[in-house]
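Data block below; observations after.
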Amino acid sequence: MFIALVPHGENAGRLRPLSAAGVPTGPVIETADLAATVAEWERRGPRWLWSSTAEVYPELLARGVRVERCLDLWHVESLLLAHQGRHREPRGLGAAVARLRGLPVPEDHGPRKRESQPTLFEPEREPLPGDEDPLEAVVAVHAERQRALAALPHADGLRLLVAAESASALAAAEMTHHGLPWREDVHDELLTELLGPRPANGVRPARLAELADRITAAFGGRAVNPDAPASIVRAFGREGVDVPSARAWVLKKVDHPAVAPLLEYKELARLWVAHGWSWLDQWVSGGRFRADYVVGGVVSGRWATRGGAALQIPRTLRRAVVADPGWALVAADASQLEPRVLAALSGDRRLAEVSADDDLYTTLAADAFDGDRGRAKVAMLSAMYGGTAGEAGALLAVLRRRFPEAVGYVEAAAVAGEQGRMVRSRLGRTSPPPSAAWHEVTGSADEGEEAVRQGRRAARDWGRFTRNFVVQASAADWTAALLGALRRRLHQTAPGAHLVFFQHDEVLVHTPAESADVVCAEITAAGEEASRLVFGRTPVRFPINAVAVECYADAK
DNA sequence: CGAACTTGCGCC
DNA sequence: AAAGGGCGCAAGTTCG
């Protein structure tokens, strides 16, 4: 059973039960207490149907209501449009109903960037095109999209994908709601230790000022702005040292007294600017960091975040992520997910055998690279990312000889991209078509040397993108299935435990300490469930390393 | 003057 | 050891 739901105003809303096929099975229900009504209906185990989890669910969570399942029309629309190569078209309910009714399609006004911790307020909703009733619009768009989905050759995969993506959207809202446990005192101590005491706003911390002085001294007393790359390059130039840029790895190779303080400055300045005291003020409150996740924010299906840089938390700050007293954090990551995904995608038997080991690269090295794990890894990464520099080409050739199906799979994807064709993930996430400018450059009739060179380069670049897309997007299929399975399992067997963080192939669960073992077991089970759902009966192993810790920094 | 671009680095 | 893929963010610089 589906229940279509449209909120309006202060915790009011309208719902309508639908059959599995999307046909209304009862009258419209009006409620002045949406949260209570949803909680009531939730006991019957429905699948909620709404225009966008990100818009509807946070308010329900704030009122203490969790739902088990939903179908998120924004994601349905997004995945189906992408499947047709229409990545640039707006996805909201207004756009969807306009397409359905043949009306002009309104622009999506993109989600506004959050400035700080979330506040709850009711955003003013624009009227739908043709003044369509929002509840009727949800029902109509859903029915039409289900028909469209059923007619596709990849219907099963896409159905699974929209379910997993909808579950991911629920998980994302719940993660924001619960927040990542964050010890402000630990963070502050760490900053003070590395940078000196907190300075007044706009003033450089003592440690940075001191390093800046040392840098200036090393350049003979002439002022250098260590925050300005051009200034650094010029300063080295005056000393007779030619550097192409001021990147850390470039400077590391330079022998000059300014290098050491510069590298230290860069590292600390980065911490101060990106995750210093103002970050703490802005993003952490009540002992929680509430990241704002954007599910489906990346074409490959990876999540993005809006504000707070939640997916770029420096490793040193993991010290500040500490479980509440009596609670534990279970940190789990899928080890070497992408090569395993490639093994399953391609059906390469020998690579599947290699995946039996928890450390795939060690076995790969023993199998084909004389035990040299470093080379084995470079070869595999080159296959998945399209690397050619240095040794990579030769190593890739070794890999190709030994694992022809696996390497052939990504190379076919690369060729498709070079020719401007779309590629798809296991479940049907679809790469965007290249831009008009790309076709211009690659299809140019200009036979000049420069034009030909540019065309080849653009083609190769796009091939690298599609080569990586099939792996990265299929990994996103797997993690979406994992998240869906895990949040369901946690709810069933680990009361109180909830997901608090997700980063590409890694999750954190905050749980009452006594449930930590159960949580670890459920994560393993969820991984097996995801592998079966996405890849069927594959011999490829997807081991997950799950460990209960008090502090995130103590994981692995 | 603000907008748009560039640079560099954090994470996977 | 670096470079291949994907991001977000902030400061500096240049553009209009």
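Worth knowing before you read on, the calculation uses all heavy atoms, side chains too, and leaves out hydrogens, waters and symmetry mates. Naming: A, B, ... by sequence-line order, numbering from 1 per chain.
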In whole angstrom, what separates [X]'s [atom1] from [N]'s [atom2]?
X	N	atom1	atom2	result
A/Q503	B/dG10	CD	P	14 Å
A/I232	C/dG12	CD1	C1'	11 Å
A/L262	B/dC9	CG	P	11 Å
A/F502	B/dC11	CZ	P	18 Å
A/Q312	B/dG8	CD	C1'	13 Å
A/D227	C/dC9	CG	C1'	15 Å
A/D292	C/dG8	CG	P	12 Å
A/E267	B/dG10	CD	P	7 Å

Can you name the residues that form a salt bridge (charged side-chain N to carboxylate O under 4.0 Å, His left out) with A/D477, not counting sequence neighbours? A/R429
Using the 3.5 Å cut-off, write out each protein N or O paired with an N or O of nucleotides 2-5 of chain C and the distance between them.
| from | atom 1 | to | atom 2 | distance (Å) |
| --- | --- | --- | --- | --- |
| C/dG4 | O3' | A/R464 | NE | 2.9 |
| C/dG5 | OP1 | A/R464 | NE | 2.7 |
| C/dG5 | N2 | A/R302 | NH1 | 3.1 |
| C/dG5 | N2 | A/R302 | NH2 | 3.2 |

Over all strands shown, is A/A274 touching base, sugar-phosphate only, or nothing at heavy-atom distances under 4.0 angstrom? nothing
Base, sugar-phosphate or nothing for A/R315? Non-hydrogen atoms, less than 4.0 Å.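 Counting heavy atoms under 4.0 Å across all strands, the contact made by A/R315 is with sugar-phosphate only.
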[X] (side chain) donor-acceptor with [Y] (main chain) under 3.5 angstrom:
X	Y	result
A/T53	A/A169	no
A/T176	A/A172	yes
A/S435	A/W438	yes

Do A/H154 and A/H83 have ring centres separated by under 6.0 Å?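 They qualify: ring centres under 6.0 Å apart.
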Taking atom CD of A/Q84 as the centre, report whether more than 12 heavy atoms of other residues, nucleotides or ligands fall under 6.0 Å from it.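 Atom CD in A/Q84 is packed in, count exceeds 12.
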Compare the minimum distances between each of C/dG6, C/dC9, C/dG12 and the side chain of A/N225, then state the nucleotide with the smallest one.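 Among C/dG6, C/dC9, C/dG12, the one nearest the side chain of A/N225 is C/dG12.
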Nucleotide nearest A/K266 (side chain, heavy atoms from C-beta), chosen from B/dC12, C/dG6, B/dG8: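 Nucleotide nearest to A/K266's side chain: B/dG8.
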Select from A/V273 and A/R375 the residue whose nearest nucleotide in DNA chain C is closer to the 5' end of that strand. A/R375
Can you pull every protein N or O that's under 3.5 Å from an N or O on nucleotides 3-7 of chain B?
none

Would you mind telling me which of A/L329, A/I313, A/V186, A/V549 makes a side-chain contact (heavy atoms from CB on, under 4.5 Å) with A/V321?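 Of A/L329, A/I313, A/V186, A/V549, side-chain contact (heavy atoms from CB on, under 4.5 Å) with A/V321 is met by A/L329 alone.
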Parallel, tilted or perpendicular for A/F502 and A/W303, by the 30°/60° rule?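 The arrangement is perpendicular - the two ring planes meet at more than 60°.
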Would A/R318 and A/Y552 count as a cation-pi pair here, with the cationic atom under 6.0 angstrom from the ring centre and within 45° of the axis? yes
